[in-house]
Amino acid sequence: MFRQWIPDAYYQSLAQVPIQDLFRRGYRVALLDIDNTLAAHGSSFGQDYAHAQVDRFQAAGFQVYILSNAFQHRAESFGQDFGVTIIGDAGKPGTKGVERALQESGARREELLLFGDQLFTDVWSGTRAGIMTVLLDRLSTHEPWYIHLKRIGERFVKYATKTRAHFDRIPEVSSEIDEKKVNL
């Protein structure tokens, strides 16, 4: 019943994510949300934490995309000095932003990971797009009122699905597609 809102992994923060292990498992593209994932909600520029996390992903070999529902100009303002592709107006929980990142990256769908702090936008977008999702605890409790309302629903879903504790169920990327290409 709640499958669309169950992440494949749940960590305290991006800093806790074992990104080198995820790269070893075959993941190549990281889609990072801005608000309460890379920075406090509403931030218009990247601070030290955000830079450190993007640098970690890039150093591990990931292509990094900033994927946000923020207006394009705000998302670009935030990520202007990161040297990564910025996709604002992503339309989460829709898949428009994920599909754009998939097309631009040239990666297989199985190689994408979406990182975000909300079940009803980030995780749902990733599950709808058929990619792995990583839920993170929010960085700050300072959020608009409508997000606080969604947090009530998130607590219920986490309780009902027993996903209140941190976990990682992200499998290795299947190489079946590559093997089929070789055998053709």
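Q103 and E99 form no side-chain donor-acceptor contact under 3.5 Å, judged by distance and modelled atom types alone.
Counting only heavy atoms from C-beta outward, the side chains of Q58 and V84 approach each other to under 4.5 Å. Taking the side chain as every heavy atom from C-beta outward, Q16 and L136 never approach each other to under 4.5 Å.
Using modelled atom types, no side-chain atom of S77 and backbone atom of H73 make a donor-acceptor pair closer than 3.5 Å. Without hydrogens or angle criteria, Q53 side chain to A50 main chain gives no donor-acceptor distance under 3.5 Å. Under a 3.5 Å cut-off, the side chain of E154 and the backbone N or O of L119 do form a donor-acceptor pair. A donor-acceptor pair under 3.5 Å is formed between the side chain of R56 and the backbone N or O of V17. Proximity of a side-chain donor or acceptor of S68 to a complementary backbone N or O of A75 within less than 3.5 Å is not detected. At least one donor-acceptor pair closer than 3.5 Å links the side chain of R109 to the backbone N or O of A129. Panel note: side chain D122, backbone D117; a donor-acceptor pair is recorded below 3.5 Å.
In the hydrophobic clustering of this structure, I34 does not group with F71; members are Ile, Leu, Val, Met, Phe, Trp, Tyr whose side-chain heavy atoms approach within less than 4.5 Å, directly or through other members.
In the hydrophobic clustering (ILVMFWY side chains linked at under 4.5 Å, chained through shared members), Y159 stands by itself. Grouping Ile, Leu, Val, Met, Phe, Trp and Tyr by side-chain contacts under 4.5 Å, direct or through others, puts V29 with L31, Y65, L67, I87, V98, L102, L112, L114, I131.
To the nearest 0.5 angstrom, D137 atom CG is 7.0 Å from L135 atom CG. The line from OG1 of T37 to CG of L32 is 8.0 Å long, rounded to the nearest 0.5 Å.
Annotation: Q20, atom CD; neighbour count of heavy atoms from other residues, nucleotides and ligands within 6.0 Å does not exceed 12.
Residues passing the salt bridge (Lys or Arg N to Asp or Glu O under 4.0 Å) test with R24, sequence neighbours excluded: D21, E172. Residues passing the side chain to side chain contact (heavy atoms under 4.5 Å, CB included) test with N69, sequence neighbours excluded: A90, K92, T121. With sequence neighbours excluded, the residues forming a ring-ring contact (aromatic ring centres under 6.0 Å, His included) with F115 are F57, listed by chain and number.
A cation-pi arrangement is absent between R74 and F78 under the rule of less than 6.0 angstrom and at most 45 degrees off the ring axis.
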Q: Go through the steps to decide whether R25 and I170 satisfy the test side chain to side chain contact (heavy atoms under 4.5 Å, CB included), and finish with yes or no.
A: CA-CA 9 Å; R25 292 184 217 176; I170 298 176; 3.4 Å; yes

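Classification of R3 and D8 as a salt-bridged pair holds, one side-chain N sitting under 4.0 Å from a carboxylate O. Residues D89 and R100 are not paired through a salt bridge, judged by the lack of any N-O separation under 4.0 Å between the basic side chain and the carboxylate.
Aromatic ring pairs are classed by plane angle as parallel below 30°, tilted from 30° to 60° and perpendicular above 60°; the pair F82 and H51 is parallel.
Residue pairs meeting the ring pair (Phe, Tyr, Trp, His ring centres under 6.0 Å) criterion with at least one member in residues 13-37, sequence neighbours excluded: F23-F62.
In this structure, Y10 has its ring center closer than 6.0 angstrom to the ring center of H166.
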